[in-house]
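Following: one structure in structure tokens, then a few remarks.
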Amino acid sequence: MNILKDSFGRRFSYIRLSISDVCNFKCGYCLPDGYKIDKSDNRTFITKEEIGRLAKALSELGVSKIRLTGGEPTVRKDFLDIIKIIKKNSGIKKTVITTNGYHLDRIADDLNKSGLDGINISIDSLDPKTFRKITGHDRLNEILEGIKKLQKLNFKNIKVNAVLLRGVNDKEEDFKSWANFIKNNQIDFRYIELMQTGDNLDYFNQYHVSANKFTNYLNNNNWVIQTFGKDAGPSKNYINPEYKGKFGVIAPYSKDFCKSCNRLRITAKGDLRLCLFGNTGINIRHLMQRDDQTEELKDLILKQLNYKKESHYLEIGETGLTKNLSTTGG
Ligand code: SAM
Ligand code: SF4
């Protein structure tokens with residue numbers, strides 16, 4: 001039974017855990033100048049032993065799924081060990097990752113062996129030039145090869161996410177190329193509406209477009225909205241009998257988006273964040289140091305939930321502590 005519940009009746013069975021702020025890409029909406037060390041904060045990233053203890057405490061609080069994210073989670077050398085530790089001892093049922101997929105072709109085999117339960121890969125465009133324009137890297141091919149390798153290994157639960165950007169990847173031909181991609185491919189593809197963060201106001205003003213642009217395409221092309229289970233989260237999924245894959249839309253500015261929130265976030269330096277945005281969040285790392293601290297750690301997380309607000313208030317430009325999403329994992 002899930003015991004993580006806030007004062008608005010939402011239950012939290014899902015944690016997004018950032019394991020590194022470091023990223024090797026330069027996505028225009030996130031880290032346009034690449035990763036820069038924050039010299040005002042000399043704390044190191046949480047260790048795999050700390051993560052093991054945290055995961056156990058979370059599972060005892062009813063959390064069933066942990067998503068490893070970043071920054072880029074796979075830049076950490078002990079990344080596969082982290083998956084294995086969570087899988088082995090914690091009681092967490094599903095361990096998944098979000099990655100930019102930059103060397104997916106080389107790590108597909110190890111990922112498959114690690115016991116990972118699912119992977120979300122960020123690919124903003126299937127056109128190599130547009131891909132490079134957005135991410136600063138020419139690596140689309142190795143990512144697509146990596147996906148093929150995972151599929152050959154019979155790895156299930158592959159999702160692809162793209163941030164919807166006005167004039168860049170929001171044309172009907174972009175939507176059609178994704179439709180082609182999922183036609184005979186059991187992959188879920190989702191567009192995420194661009195969110196404003198502390199750092200990206202100019203970019204946001206230039207490239208933000210409502211997710212309705214994609215939703216209208218889906219409605220006009222025989223895609224039918226799928227009804228959700230109780231833990232479905234914020235993605236609205238669409239199915240079409242002629243396609244093996246599904247489409248999805250994550251529209252953070254839509255009415256009632258926060259009502260289905262089922263997740264909390266923990267940063268790579270051990271801060272609990274109750275929302276992707278907002279000003280609430282405290283460090284909980286001091287309670288990940290010894291096995292006998294589990295009860296205290298659970299207690300602190302439970303108490304913090306009382307401070308979770310009803311909404312992110314993004315629609316009024318409130319971005320809170322979030323300079324960019326590389327620290328909170330998107
Ligand atoms: N580096 C990994 C990746 O790119 O998948 C994991 C971290 S990244 C912060 C997680 C997700 O957040 C990615 O899908 C990325 O496209 C998305 N993201 C980053 N900044 C965003 C923004 N301002 N608005 C919407 N999505 C954003
Ligand atoms: Fe890196 Fe992911 Fe941010 Fe792109 S979205 S810069 S890949 S952390």
Side-chain angles (χ1 to χ4, degrees), residues 16 27-32 98 120-127 130-131 133-135 159-182 187-228 232-240 243 245-263 275-278 309-320 322-326 328-330:
R16 293 181 75 111
C27 301
Y29 44 77
C30 183
L31 294 173
T98 296
N120 283 13
I121 304 157
S122 304
I123 305 178
D124 288 329
S125 175
L126 282 173
D127 172 60
T130 311
F131 181 88
K133 182 179 166 194
I134 301 170
T135 63
K159 295 191 177 110
V160 172
N161 295 327
V163 179
L164 186 66
L165 300 169
R166 181 166 54 183
V168 180
N169 63 5
D170 69 336
K171 295 180 288 304
E172 177 131 352
E173 68 189 69
D174 295 302
F175 303 159
K176 280 190 177 149
S177 77
W178 283 115
N180 258 340
F181 185 76
I182 62 167
I187 286 182
D188 294 358
F189 171 82
R190 292 106 52 99
Y191 265 119
I192 310 171
E193 186 171 324
L194 177 64
M195 289 176 262
Q196 184 191 329
T197 61
D199 279 349
N200 78 2
L201 184 60
D202 289 347
Y203 192 96
F204 178 83
N205 286 338
Q206 188 173 353
Y207 293 112
H208 176 257
V209 54
S210 163
N212 288 342
K213 188 151 185 202
F214 184 53
T215 316
N216 291 342
Y217 166 86
L218 296 175
N219 291 333
N220 291 333
N221 287 276
N222 300 326
W223 290 87
V224 179
I225 196 153
Q226 204 178 22
T227 40
F228 311 108
S235 172
K236 290 209 164 117
N237 298 325
Y238 289 74
I239 48 173
N240 181 328
Y243 290 77
K246 288 182 200 164
F247 269 139
V249 185
I250 301 175
Y253 292 90
S254 61
K255 190 175 157 288
D256 292 342
F257 180 77
C258 297
K259 276 199 175 146
S260 60
C261 184
N262 63 351
R263 62 206 53 201
C275 178
L276 185 49
F277 296 93
K309 294 191 181 151
E310 190 169 15
S311 161
H312 52 38
Y313 304 113
L314 258 189
E315 62 285 0
I316 53 169
E318 284 273 342
T319 56
T322 309
K323 283 191 188 163
N324 58 65
L325 298 197
S326 75
T328 38

Does atom NZ of Lys171 have more than 12 heavy-atom neighbours from other groups under 6.0 Å away?
yes

Give a yes or no on whether the backbone of Thr98 and the side-chain of Asn161 come within a donor-acceptor separation of less than 3.5 Å.
no

With sequence neighbours left out, what residues match Lys246 under salt bridge (charged side-chain N to carboxylate O under 4.0 Å, His left out)?
none

Side chains of Asp199 and Thr197: is there a donor and an acceptor less than 3.5 Å apart?
no

Side-chain (Asp127) to main-chain (Thr130) donor-acceptor, under 3.5 angstrom:
yes

Quick one about Asp124 and Tyr29 (side-chain donor to acceptor, distance below 3.5 Å, no hydrogens or angles considered), yes or no?
yes

Would the distance check show the side chain of Asn205 and the main-chain N or O of Asp202 forming a donor-acceptor pair, the cut-off being under 3.5 Å?
no

For Phe181, ring-ring contact (aromatic ring centres under 6.0 Å, His included) partners two or more places apart:
Trp178

Whether Lys213 side chain and Asp170 backbone form a donor-acceptor pair below 3.5 Å:
yes

Whether Gln226 side chain and Asn237 backbone form a donor-acceptor pair below 3.5 Å:
no

Mind checking what makes ring-ring contact (aromatic ring centres under 6.0 Å, His included) contact with Phe175, not counting sequence neighbours?
Tyr191, Phe214, Tyr217

Using a 3.5 Å distance criterion without hydrogens, assess whether the side chain of Arg190 forms a donor-acceptor pair with backbone atoms of Ile250.
no

I'd like to know if the side chain of Asn216 reaches the main chain of Asn212, judged simply by a donor and an acceptor atom lying under 3.5 Å from each other, with no hydrogens or angles considered.
yes

For Phe204 against Leu194, the heavy-atom pair lying closest together
CE1-O, 3.4 Å

